[in-house]
Amino acid sequence: MAQSHLSELDAVQEFSGFASNPAPLLAAQYERIAREEMQALPFYHATMPIVAECVLFDGQWLGCVLTPWMLSVVVLPGPDQLWPVRSSSDRLALQLPCGNMTFMVGELPETGQLLACSLMSPLDPHLGAEQGRSLVSSTLKMLHSLPLQQGGDVDLGRRRLFGARRSQGLGATES
């Protein structure tokens with residue numbers, strides 16, 4: 001029996017995706033973590049709500065999570081997805097419409113492994129609750145946005161734009 005148990009542990013393990021939006025599960029887990037582990041920390045932003053929003057993107061759940069200590073982008077497996085179990089803290093680069101982002105493998109007790117990319121940790125202490133909620137929605141929209149491409153020979157750098165000499169004009173280039 002011990003031999004088959006070891007074989008199972010050595011086998012490549014996979015876990016199933018979420019058939020429905022995992023945002024409520026994420027919020028509930030982070031509420032528990034906030035209550036049990038984070039409240040006493042000096043950077044805990046007590047007036048910040050816990051907000052999680054996820055949308056299906058390319059078969060995976062792409063989301064944004066706000067807690068009283070951080071703002072992160074998360075990716076979880078979507079419906080009918082099987083993800084391999086990875087080592088915690090492994091890094092993966094993902095290409096999103098907004099550009100490339102590097103995620104770390106993390107794990108939560110009830111949802112299991114997920115990919116997370118910290119955008120702000122700790123939170124700005126001047127950030128209000130409504131601003132935080134708005135930031136989650138705006139971040140999720142930004143993740144789906146195509147990057148803005150600067151065209152041709154136009155130099156849109158601030159120094160160039162505000163430092164142009166009258167004789168050169170804004171569109172002129174220095175030789």
Side-chain angles (χ1 to χ4, degrees), residues 14-150 156-158:
E14 295 178 327
F15 62 100
S16 299
F18 294 88
S20 60
N21 191 332
L25 292 171
L26 289 170
Q29 286 182 87
Y30 281 111
E31 285 171 6
R32 183 189 55 72
I33 292 167
R35 193 174 49 252
E36 296 174 5
E37 301 173 30
M38 302 299 286
Q39 280 183 340
L41 296 176
F43 54 82
Y44 187 86
H45 192 321
T47 61
M48 190 59 62
I50 293 174
V51 180
E53 292 183 18
C54 295
V55 294
L56 272 175
F57 174 74
D58 219 17
Q60 315 299 319
W61 290 106
L62 178 63
C64 188
V65 177
L66 174 72
T67 69
W69 61 92
M70 60 96 177
L71 174 71
S72 289
V73 175
V74 296
V75 181
L76 294 101
D80 303 319
Q81 296 289 309
L82 287 176
W83 277 14
V85 174
R86 293 182 167 89
S87 297
S88 285
S89 77
D90 275 359
R91 295 181 188 274
L92 293 164
L94 299 179
Q95 186 175 12
L96 298 173
C98 65
N100 296 331
M101 295 181 76
T102 302
F103 290 82
M104 285 185 67
V105 175
E107 191 163 344
L108 293 172
E110 290 90 25
T111 56
Q113 287 194 338
L114 59 103
L115 302 178
C117 178
S118 177
L119 299 180
M120 190 185 314
S121 180
L123 292 179
D124 181 334
H126 304 294
L127 189 66
E130 284 308 310
Q131 291 171 317
R133 283 186 182 92
S134 181
L135 191 56
V136 170
S137 297
S138 296
T139 299
L140 206 49
K141 288 176 189 167
M142 184 265 324
L143 292 171
H144 290 92
S145 300
L146 295 175
L148 181 64
Q149 297 293 319
Q150 294 183 357
L156 297 179
R158 273 185 17 175

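Computed from heavy atoms alone, side chains included, the values below leave out hydrogens, waters and symmetry copies.
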Between CZ of Phe103 and CG of Leu114, what distance do you get to the nearest 0.5 Å?
10.5 Å

Less than 4.5 Å apart, any side-chain heavy atom of Thr67 and any of Met38?
no

Between atom CD of Gln81 and atom CG of Leu56, what is the distance when rounded to the nearest 0.5 Å?
9.5 Å

Taking distance alone, no hydrogens or angles, what donor-acceptor pairs closer than 3.5 Å link side-chain atoms of residues 69-77 to residues at least two apart or in another chain?
none

Just to verify, what does Glu130 make a side-chain hydrogen bond (donor to acceptor under 3.5 Å, both in side chains) with, not counting sequence neighbours?
Arg133

Within a strict 4.5 Å, meaning less than it, do heavy atoms of the Trp83 and Gln113 side chains meet?
no

Closest heavy-atom contact between Ala23 and Ala52?
CB-O, 3.4 Å

So, taking the atom named CG in Leu127 and the one named CG in Leu135, what distance separates them when rounded to the nearest 0.5 Å?
6.5 Å

To check you understand the geometry: which heavy-atom pair defines the closest contact between Phe57 and Pro97, and what is its length?
CZ-CD, 3.4 Å

CD-OG1 distance between Glu53 and Thr139, expressed to the nearest 0.5 angstrom:
9.5 Å

Over 12 foreign heavy atoms within 6.0 Å of CG, Asp80
no

So how far is it from Leu115 CG to Asp90 CG, rounded to the nearest 0.5 Å?
10.0 Å

Would the number of heavy atoms belonging to other residues, nucleotides or ligands and lying under 6.0 Å from CZ of Arg32 be above 12?
yes

Side chain Glu110, main chain Gln29, donor-acceptor under 3.5 Å:
no

Decide yes or no on side chain to side chain contact (heavy atoms under 4.5 Å, CB included) for Phe18 and Gln60, but give the supporting numbers first.
CA-CA 9 Å; Phe18 294 88; Gln60 315 299 319; over 6 Å; no

Got more than 12 heavy atoms from elsewhere within 6.0 Å of CD, Glu37?
yes

Would you name the heavy atoms of Val105 and Ser87 that are closest together and state the gap between them?
CB-O, 3.6 Å

How many angstroms lie between CG in Leu143 and CE in Met101, if you round to the nearest 0.5 Å?
5.5 Å

Smallest separation among heavy atoms of Glu107 and Ser88, with atom names:
OE1-OG, 4.3 Å

What's the shortest heavy-atom distance between Met48 and Gly128, and which atoms?
CE-O, 3.5 Å

Do Tyr44 and Pro122 have side chains that get closer than 4.5 Å, going by heavy atoms?
no

Would you indicate whether the side-chain heavy atoms of Ile50 and Pro68 approach each other to under 4.5 Å?
yes

